[in-house]
Structure formats: C-alpha cells, structure tokens
There are 2 protein chains.
Amino acid sequence: MVFPADELAARLARLRAVCRDVGLKLTHQRIEIFREVALSDDHPDAETVFQGVRARVPTISLDTVYRTLWLLEELGLVTTLGPRRDPTRFDARLDSHHHFTCESCRLVRDFESAEFDALSVPEDVRRLGDVSRVHVEVRGRCVDCARRRGLGRNDDPGGSE
Amino acid sequence: MVFPADELAARLARLRAVCRDVGLKLTHQRIEIFREVALSDDHPDAETVFQGVRARVPTISLDTVYRTLWLLEELGLVTTLGPRRDPTRFDARLDSHHHFTCESCRLVRDFESAEFDALSVPEDVRRLGDVSRVHVEVRGRCVDCARRRGLGRNDDPGGSE
DNA sequence: CTGGGTGCAAATTCTTTGCAGCTTT
DNA sequence: AAAGCTGCAAAGAATTTGCACCCAG
C-alpha cells in the first residue's frame, strides 16, 4: 500500500467513532468491507470488494457489500468516482470546461475558468501515461437543494435555468 | 442555450466531416441524437436523450441511442461524465487528492498536488451552491495501454504496481 | 444495389428490495 | 431481549446483443 500502516488503523478508528455516534452496529462485515476499500489503492467496484472480502469472510453476500458501501458513502467515510448512483451521462462540449455537480440531486453545470484551464499536470502523473484532458470536478450542494435543507437526497434538480 | 446558434451548426458540421472521413453513414437518427446532446446543457443520460429525440423521431429506439452515443464517444465527438462504461467505484481516501484515469482500461491512479489542492473556486461557481470538494480529473492513456497501441479498448489494467 | 444501421425483443450486467433468521448492543 | 443486520432469492434498472428489414451512399 501507499500509505503507512497507521493510516489504516486511523481509518478504522474513524469508522468506529462514526458508527458509535450515529448508533450503527459495528459488524464484522462492515469492518471488512471498509477495510477492503481502505486498503486498496485502485478504487474497486462493488463486485471487486465482494471478491476481496469473500476471501476472508466466505459467507458475505454481494447485496451486503452494496448496502454497506452506500451506507459508508452516506456517512462520508468513502466517496465515489464520478457522479453517484447515476447512469452514464454525455457531454458534447469538446472545448476545455469544468463541472459543478450537486451531491443531492442530479444537477451538473458547466463552467469556464482560465485558471483551471491553465493547470499543468505534475511530472509524476505524466509518467503514468499520455494525458488527453484535464478538468476540474467541483462537488457540493446546489442552491435549490441547500434551500430544501436536510440530508436527504432529491431526485430532481429544480432549476430549469 | 448557452452557446450561440452557430456553435450547433459547427458541431453538426464536425459530425458530418468525421463520419465522412471514417466512412460512417450519416443517418437521420445519428444527427438527431447528436443534436440532442449538443443542444442540452445538462449532460443527459441515454434515456433522456431517447425521450428528447423521440419527440422528433417517434420511431427511434433506445438501443440505437446507446449504440450511437458510444459511437460518438469513440469518434471523440462526445465525452462522458465520470469513468466510461464502468460500474460505480469507491474511494476511501478522504484527504484531498486527484485522479488519473486511463480511457482504454479501467485503471485509475491517485496523485497529490499542492498546486491542485490550492485551487480556488470561481465566484460564479460558488453561486451555484455550497462547495464541499474540488478535485482534478486527468484523463489519458496509461503507459501499458499506450504500449499495446491501437485504438481498441483493454478491459484489464496490466500494471499491478 | 449493398452493406452498414435500425428497431425489436430477448439477454446481460449492475444494483436494489422483501423477508426470515442471526448478531451486536 | 430488541432492533438492526445479514443472506438469500427474486425484482428492477441500465445497457448490450442477435437478427431481419431498411435506407444512405
């Protein structure tokens, strides 16, 4: 792994703390699922986590993995790559632009930024491969969702602009 | 729409040019599907494109929409939000970091950058909502895929670090 | 014309849900 | 003991595929 062993312990401690605070049970499965994601450095999907955990907990089921991953996500202990729980979305803009994504609803808005466009990719990244595009993803909660308050999720972006 | 009417014409012209060059037929469906994505500023998913196009072409089918969208993506005429054709992937790192994603295989690598971490969100974006996180997505082709050449897609990232 | 493209319907893949029994608190 | 979790199996989305007919080149 990339990070020191301490880091895993710290993440697990955080899981414990959050579960206690929110009143969630700290089951064997939850710990192992969280550990699997925390230990991997390549951002596994649910199926991959399932395979990994199953090596240690043979009775684990795939649906528990899904339920737990989304639970951890709601608790803020893990995040997702790309928009959350969303089918693939397409973009016809080929010029350099960036995205603001609302974590509550499906809203995504483009924006331009000369500063962001000017970003130069670090040398270590260039060593990973050929870079074709660099764009900034800003996540947050849109004004409409913020107005509606609460932590619940809205399925429909309000502003039709 | 946000961009001038000319822009749509330019995008359609580009579609024509690319199809001709590659020897693809310029069907009514392809034009309408492309137009639907090009005209929308909220990054529709396949289902939404389907609904939109169906208003003008009642016989369109959802599978044609999928096929066409992925075709346009391969031609470089549209892109996707988040990783392409990939189930949801999870990330247990909560500290600020960024991603390099290979467009050929499923490889995703984290990297750190003080410069990227220091980015400040433009005022107009802050008006869209509350920002919780800013990260940079670098897309390209990893060294292993580059070595394998060709435009085909590899399903398995080779390097196990 | 002729082959690529489309529509249909069925198949996959990814993810969620209802329910009965088992585990943490 | 009580409520929350889990595993199972079945349901539900999202996406893909096989095949016969049709249209752009």
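Excluded from the calculations below are hydrogen atoms, water molecules and symmetry mates; all remaining heavy atoms, backbone and side chain alike, are included. Every chain is numbered from 1 and lettered A, B, ... according to where its sequence line falls, protein lines coming before strand lines.
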Using nucleotides 23-25 of chain C, report all nitrogen or oxygen pairs with the protein that are shorter than 3.5 Å.
from: C:dT24; atom 1: O2; to: A:K25; atom 2: NZ; distance (Å): 3.1
from: C:dT25; atom 1: OP1; to: A:L26; atom 2: N; distance (Å): 3.4

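- Not counting sequence neighbours, A:D91 has no partner by the salt bridge (charged side-chain N to carboxylate O under 4.0 Å, His left out) test.
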Show me the donor-acceptor pairs within less than 3.5 Å that the side chains of residues 45-54 of chain B make with the rest of the protein, sequence neighbours left out.
from: B:D45; atom 1: OD1; to: B:E47; atom 2: N; distance (Å): 3.4
from: B:D45; atom 1: OD1; to: B:T48; atom 2: N; distance (Å): 2.8
from: B:D45; atom 1: OD1; to: B:T48; atom 2: OG1; distance (Å): 2.6
from: B:D45; atom 1: OD2; to: A:R106; atom 2: NH2; distance (Å): 3.1
from: B:E47; atom 1: OE2; to: B:Q51; atom 2: NE2; distance (Å): 2.6
from: B:Q51; atom 1: OE1; to: B:R54; atom 2: NH2; distance (Å): 3.3

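- In this structure, the CD atom of B:Q51 is 14 Å from the C1' atom of D:dA14, given to the nearest Å.
- The stretch residues 11-35 of chain B participates, sequence neighbours left out, in no ring-ring contact (aromatic ring centres under 6.0 Å, His included) pair at all.
- Rounded to whole Å, atom P of D:dA14 lies 13 Å from atom CZ of A:F90.
- The existence of a salt bridge linking A:E112 and A:R93 is confirmed by a sub-4.0 Å separation between a basic side-chain nitrogen and an acidic carboxylate oxygen.
- Straight-line distance from the CZ atom of A:F50 to the P atom of C:dT16: 15 Å, rounded to whole Å.
- For A:E32, the salt bridge (charged side-chain N to carboxylate O under 4.0 Å, His left out) criterion is met by A:R35, A:R56, not counting sequence neighbours.
- To the nearest angstrom, C1' of D:dG25 lies 14 Å from CZ of B:R16.
- A:V108 forms part of a hydrophobic cluster together with B:L81, judged by ILVMFWY side-chain heavy-atom separations under 4.5 Å.
- Fit an axis to the five pairs at each end of the helix from C:dC1-D:dG25 to C:dT25-D:dA1 and the two axes sit 50° apart, to the nearest 10 degrees.
- Sorted by first then second residue, the side chain to side chain donor-acceptor pair (under 3.5 Å) pairs that include residues 129-138 of chain B, not counting sequence neighbours, are A:E103-B:S132.
- Rounding to whole angstrom units, CG of residue A:L71 and P of C:dT17 are separated by 14 Å.
- With sequence neighbours excluded, no residue satisfies ring-ring contact (aromatic ring centres under 6.0 Å, His included) with B:Y66.
- Taking 4.0 angstrom as the limit, B:Q29 places none of its side-chain polar atoms (N or O) nearer than this to OP1 or OP2 of D:dA24.
- Between the CG atom of B:L69 and the P atom of D:dT16 there is a distance of 10 Å, given to the nearest Å.
- By the ring-ring contact (aromatic ring centres under 6.0 Å, His included) test, A:F100 is found to be paired with no residue, residues two or more places apart in sequence or in another chain being considered.
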* Reading 5' to 3' through nucleotides 8-15 of chain C, protein heavy-atom contacts under 4.0 Å coded B for base, S for sugar-phosphate only, - for none -> BB----SB
Show me the side-chain donor-acceptor pairs of residues 13-27 of chain A shorter than 3.5 Å, one per line, residues at least two apart or across chains.
from: A:T27; atom 1: OG1; to: A:R30; atom 2: N; distance (Å): 3.3

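- Rounded to whole Å, the distance from CD on B:E73 to P on D:dT16 is 11 Å.
- Salt-bridge annotation for A:D144 and A:R148: absent, with no side-chain N of the basic residue lying under 4.0 Å from a carboxylate O of the acidic one.
- Rounded to whole angstrom, the span from the CG atom of B:L15 across to the P atom of D:dA24 amounts to 15 Å.
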